[in-house]
Structure formats: structure tokens, C-alpha cells
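Heads up: the structure comes next, in C-alpha cells.
Just so it is clear, the model here is predicted, and its values are computed rather than measured. Remember, it's 1-based here, ligands and their atoms both numbered in the order they're listed. We number each residue from 1, following the sequence as shown.
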Amino acid sequence: MKTSPKSSLTVLRTGREISVVVAGLADEITRSYAGKCPLVIGVLKGAFVFMADLVRHLNFPLEIDFIRLSSYGSGRESSGKVKVIQDIRASIKGRDVLVVEDIVDTGHSISFLMEYLQKKGPASLKLCCLMDKPLRRRVVVPIDYVGFTVPDKFLVGYGLDCAEEYRNLPDVCILGEDSQ
Ligand code: IMP
Ligand code: MG
């Protein structure tokens with residue numbers, strides 16, 4: 001069911017502001033991966049917009065793959081019980097791997113994923129995350145490349161959803177409390 005027309009959306013970062021951040025991140029990543037051909041893994045579904053924008057700014061040879069983790073479902077809280085529901089196809093043994101994530105909130109999902117991938121024996125494993133919501137962190141997660149820090153609010157747009165709605169918004173918006 002879709003949220004009611006009363007849902008309030010307040011723009012936190014415009015698509016234009018995000019594109020500047022993404023280009024900056026891409027420059028930093030491009031400097032780190034000179035002479036390498038990493039596998040860039042996007043975390044579905046939330047990271048699909050960020051992944052598409054980021055890789056088009058990465059100026060080195062790369063391959064892409066996607067992984068999907070169990071999600072929030074239709075609510076706003078992560079359970080802490082994470083599992084892989086769609087795995088990568090490529091082998092990552094001995095490869096340089098860069099994980100691309102939309103947002104690190106409690107940290108449960110990404111800490112699970114980084115451990116899961118580390119066990120497969122990559123040559124290197126790094127994390128690039130567009131947004132960091134540190135006030136909600138439950139698990140310590142080292143993030144190699146961060147776009148920007150966000151407040152403890154529920155966000156939608158630029159790939160992020162609430163019950164599958166709003167992923168197509170070009171801006172990152174705060175979803176008002178009156179909407180659920
Ligand atoms: P975690 O709490 O760090 O495990 O976050 C898990 C996933 O929930 C993230 O990768 C996002 O896809 C999603 N998520 C976290 N915070 C938000 C939010 O504010 N809005 C929409 N999705 C979110
Ligand atoms: Mg995500």
C-alpha cells in the first residue's frame with residue numbers, strides 16, 4: 001500500500017548537490033585504484049541510483065556485480081538479522097573489491113556483508129557509502145569513502161525507499177512522521 005497524500009517530504013540534499021558529492025568521491029576512488037581492475041559490488045536495491053552515477057565517474061577499468069540482502073521489509077527499522085537473498089555471480093578470490101552502499105544506519109547490514117565477502121578471500125575489500133547516519137550506529141563499521149553524514153531521520157529518494165515507494169526521487173528527502 002502506498003503512503004497517504006499527506007506524506008511530508010523535506011529535501012535534505014538536492015540531486016545537484018549529490019552529483020557534486022558523487023564526483024568528489026569518484027575522484028578519490030579513481031586515485032586509489034590506478035592500475036587495478038576492481039569488482040564494484042552494488043548493494044540492492046537502495047544503492048542502484050548511487051552505483052549508476054558513481055561508476056560513470058570512475059576513470060579506470062572495472063567490473064560490476066550486485067548483491068541483495070534481506071531488507072527492512074515495510075518498516076523503518078533493521079532487525080539485525082541479515083542474510084543474502086541474491087548473491088554475486090563473479091568469484092572475488094584474489095580480486096580488489098569495492099562495495100557501494102546507499103546508507104549505513106545501524107551498521108548491521110554492511111558489517112554482515114563485509115564479513116561475508118572477506119571470507120571469500122579478496123585481495124582487498126573497501127566500502128564506499130553515500131550517506132552515514134552515525135547517531136543510529138549499533139555496530140562499528142569502517143567506511144573507506146563517505147559522501148556525507150545525515151541526521152537521525154528516515155530518508156527517501158535517490159534509491160532509498162519507504163515500503164518500495166520514493167526510490168525514483170532525484171533528491172534525498174526526509175520523510176515526515178505523519179506518513180505511516
Ligand atoms: P542498517 O541499519 O545499517 O543495517 O541499514 C540497512 C539498510 O537499510 C541500508 O542499506 C538502507 O538500504 C536501508 N536504510 C537505512 N536507513 C534508511 C533510511 O533512512 N531510509 C531508507 N532506507 C534506509
Ligand atoms: Mg542499502
Quiz prompt | 4.0 Å heavy-atom contact, Ile103 with ligand 1 | solution = yes

Exercise. Report yes or no: does a heavy atom of Ile110 sit under 4.0 Å from some atom of ligand 1?
Key: no

Self-check item: Partners meeting salt bridge (charged side-chain N to carboxylate O under 4.0 Å, His left out) with Lys45 (sequence neighbours left out)
Solution: Glu164

Quiz prompt | Leu160-ligand 1 polar pair, N/O distance under 3.5 Å | solution = no

Self-check item: Which of the ligand 1 atoms, numbered from 1, are nearer than 4.0 Å to a heavy atom of Ser109
Solution: 1 (P), 4 (O), 5 (O), 6 (C)

Exercise. Would you mind checking if Arg89 and Asp65 are paired as a salt bridge, meaning a charged N to carboxylate O distance below 4.0 Å?
Key: no

Quiz prompt | Close approach, Lys153 and ligand 1, non-hydrogen under 4.0 angstrom | solution = yes

Quiz prompt | Among Arg137, Arg138, Arg136, Lys153, salt bridge (charged side-chain N to carboxylate O under 4.0 Å, His left out) partner for Asp105 | solution = Arg136

Exercise. Below 2.8 Å of the Mg ion (ligand 2), tally up the protein N/O/S atoms for me.
Key: 2

Exercise. Measure the spacing between CG of Leu160 and CG of Asp102 and express it to the nearest 0.5 Å.
Key: 4.5 Å

Practice problem: Pull out every atom of ligand 1 sitting under 4.0 Å from any heavy atom of Glu101, numbered as shown with elements. | Solution: 10 (O)

Quiz prompt | Residues in salt bridge (charged side-chain N to carboxylate O under 4.0 Å, His left out) contact with Asp171, at least two apart in sequence or another chain | solution = none

Quiz item: What part of Arg136 sits under 4.0 Å from ligand 1 if we count only heavy atoms: the side chain, the backbone, both or neither?
Solution: neither

Exercise. Out of Asp105, Val172, Leu155, indicate the one that has the non-hydrogen atom closest to atom 20 (N) of ligand 1.
Key: Leu155

Practice problem: Can you measure from OH (Tyr145) to CG (Leu127) and round to the nearest 0.5 angstrom? | Solution: 10.0 Å

Quiz item: If every non-hydrogen atom of Pro61 is compared with every non-hydrogen atom of Pro38, which pair is closest and at what distance?
Solution: O-CD, 3.4 Å

Check: residues 9-25 side-chain donor-acceptor pairs under 3.5 Å, at least two apart:
from	atom 1	to	atom 2	distance (Å)
Thr14	OG1	Glu17	N	3.0
Glu17	OE1	Thr14	N	2.9
Ser19	OG	Arg16	O	2.7

Quiz item: What distance separates Cys129 SG from Ile143 CD1, expressed to the nearest 0.5 Å?
Solution: 4.5 Å

Quiz item: Considering only heavy atoms of Asp102, which atoms of ligand 1 have at least one such atom less than 4.0 Å away?
Solution: 9 (C), 10 (O), 11 (C), 12 (O)

Exercise. Find all atoms of ligand 1 within a distance of less than 4.0 Å from any non-hydrogen atom belonging to Asp161, and give their numbers and elements.
Key: 21 (C)

Quiz prompt | Part of Thr106 with heavy atoms under 4.0 Å of ligand 1, whether side chain, backbone, both or neither | solution = both

Quiz prompt | Taking every non-hydrogen atom, the tightest pair across Cys128 and Ile29 | solution = SG-CD1, 3.8 Å

Exercise. Find the distance between CD (Glu28) and OH (Tyr33) and round it off to the nearest 0.5 Å.
Key: 11.0 Å

Quiz item: Would Arg138 count as a contact of ligand 1 if the rule is a heavy atom under 4.0 Å away?
Solution: no

Self-check item: Gap separating the CG atom of Leu125 from the NZ atom of Lys119, nearest 0.5 angstrom
Solution: 12.5 Å

